[in-house]
Amino acid sequence: MNIAVVGTGYVGLVTGTCFAETGNNVICVDIDEAKVAKMKNGEVPIYEPHLDVLFDRNIRQGRLHFTTDLKEAIDQCNLIFLALPTPPGEDGSADLSYILAVAEQLGNMITEYKVIVDKSTVPVGTAEKVHAAVAKNASVDFDIVSNPEFLREGFAVDDFLKPDRVVVGTNSARARKVMEELYKPYVRQGNPIIFMDERSAELTKYAANSFLATKITFMNEVANFCEVVGADVDKVRIGIGSDSRIGKRFLFPGIGYGGSCFPKDVQALAKSGKEFGYDFEILKSVLEVNDKQRIILVDKIKAHFGDDLKGKKFAMWGLAFKADTDDIREAPALYMIDELLNAGAEVCAYDPEAMDNVKMQYDGKIDYADDQYAALKDADGLIVSTEWPVFRTPNFKLMAELLKDKLIFDGRNLYDLELMEEHGFQYRSIGRSPIDPS
Ligand SMILES: NC(=O)c1ccc[n+]([C@@H]2O[C@H](COP(=O)([O-])OP(=O)(O)OC[C@H]3O[C@@H](n4cnc5c(N)ncnc54)[C@H](O)[C@@H]3O)[C@@H](O)[C@H]2O)c1
C-alpha cells in the first residue's frame, strides 16, 4: 500500500517506519523543515529504542520517504494517517486545530477515493468534525477512520509491531477492508483487530489512558497512606498485584504520571464529559492527587531542610518523564525543578537522553552534568526522578564520597531500604519508612 503519515513526531515516525517495515511505501510529512531535513539525512530526530535500525533499513530499501509537501505525499497515497498533535487548550480540552486545518487542506487536494485515518488521540465526535472539514472542499469520496494509537514511548517499536490489539472505528465496509489488509501482518499471533464505530474507538483511547492514570494515582495514594501508618507500599503492591483481577502492572508508586499523554488525556476526557453534561468525579480526584504527587519529593526536602532552600544544591538524576525516552513533556522532574528554584535552591541534573530538550526550556536556570556522578559533587542531596536502568545499581561508595550530605530523595523507589541502611544513607522514598542511620 502507499501510505502518507502526516505529522512525524513520536507516533507518526514510529507508525510510518513500522508500516514500511512490512513492505508498504510510506511518505512522512511534517511542517518542521529542520526535522524533515534531518530525516532525509538519515537521522532519527527522537530517541526511541530500536527505531534507528528499522528507520535505516527502510530508507535504504526505498520504502520510507520524507517531505514537507503535503500535496506531493497525498497524490501518491490511498491511505492517509493523521498523527498530529492534540495538545491541551487553555481549558484542558483537546486542541483540534492541527487536525482540522490539515483536514481542510486535504479536501482541496484529494482527486480520488482516500481513506483518512485519525491516529491522534481525539475526543468523541472528532471523526464527524474531520469528515465535515474534509467535505467542505472535497469533490470525491473519502472515508474517515478512527484508529487510536496505544504505543508506549520507550517500547514504541515493539508495541507497534506486536500490539495487544488494534482498535479501528469505522462504519464503512470499504475502509474496513483496507484497514484489515494493512494490519494483518501485525496480528498474526491472534491479537485482535477490534472494529467498532468511530465514537467508541475515540473513547476507547481516552478510557484506556484515564484508567491507567487512575490506577497509578490510586497506588500513589495508597503509598502516601503507607507512610502515615508505617506500612511498606512495596509489600502492599506485591500483595494486591498477585490477584489476577488486579494484575502486577501499573502498581509502582512514584512521583505522579507525566508525559505527553496521561496528563492531557485525563484532562481532555474530564472536559469532554463536561461538554456532554457529564461530570467525571473520579477524574477530578485523579488530577488533584497527581498535581500534588509530582512535587511530593519537594515536600519531603522542605520537611528536612525547611522551606527556604537558599544555598542548598541538589543533584537530580533523571529529567525525562520516564526511562528510555527523551520526552520531557509534563515530566515530574520539571515541576520539581520549578519548586526548588522558587525556594532558592540550585539544581545540577543528569539524564542519559533528555538533557538537550531540557536545555531548550531551562537554559541557564540549572546546571547539567556530563555523567551521573559529576552531578553529585558538593550537593546537599540527590533527587532520583526517573527510573533509568543506569541509576539502579550505582556505585554507592563513590556517591557517598561526592555528596556533601549522604542524603537521597528517591521518587522511584529504586533502592532497597536495607541497602541504604548498610551504606549509611539518609533515604526518603515513596510509601516506605524513612531511613535515618544512627
Ligand atoms: N507520544 C505518545 O506516546 C503517544 C501515544 C499514543 C497516542 N499519541 C497521540 O498521538 C498524537 C501525536 O502525538 P506525538 O507524541 O507523536 O506528537 P509530536 O508532537 O511528537 O509530533 C507531532 C508532529 O506533527 C507535526 N505537525 C504539526 N502540524 C503539522 C502539519 N500541519 N502538517 C504536518 N505536520 C505537522 C509536528 O511538527 C510534529 O513533528 C497526539 O494526539 C497524541 O496524543 C501519542
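Start at 1 and go down the list; that is how both ligands and their atoms are numbered. Keep in mind the model is a prediction, meaning the values are calculated, not measured. In this chain, numbering begins with 1 at the start of the sequence shown.
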Could you tell me if the side chain of Arg412 sits less than 4.5 Å from the side chain of Phe391, heavy atoms only?
no
Check: [X] ring centroid to [Y] ring centroid under 6.0 Å:
X: Tyr373; Y: Tyr350; result: no
X: Phe321; Y: Tyr257; result: no
X: Tyr427; Y: Phe409; result: no

Under a 4.0 Å threshold between the charged nitrogen and the carboxylate oxygen, would Arg176 count as salt-bridged to Glu181?
no
Under a 4.0 Å threshold between the charged nitrogen and the carboxylate oxygen, would Lys38 count as salt-bridged to Glu33?
no
Sub-4.0 Å heavy-atom environment of ligand 1, residues by chain
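Lining ligand 1: Val6, Gly7, Thr8, Gly9, Tyr10, Val11, Val29, Asp30, Ile31, Asp32, Lys35, Ala83, Leu84, Pro85, Thr86, Tyr98, Val102, Ser120, Thr121, Glu149, Leu151, Glu153, Lys205, Ser260, Cys261, Lys264, Arg329.
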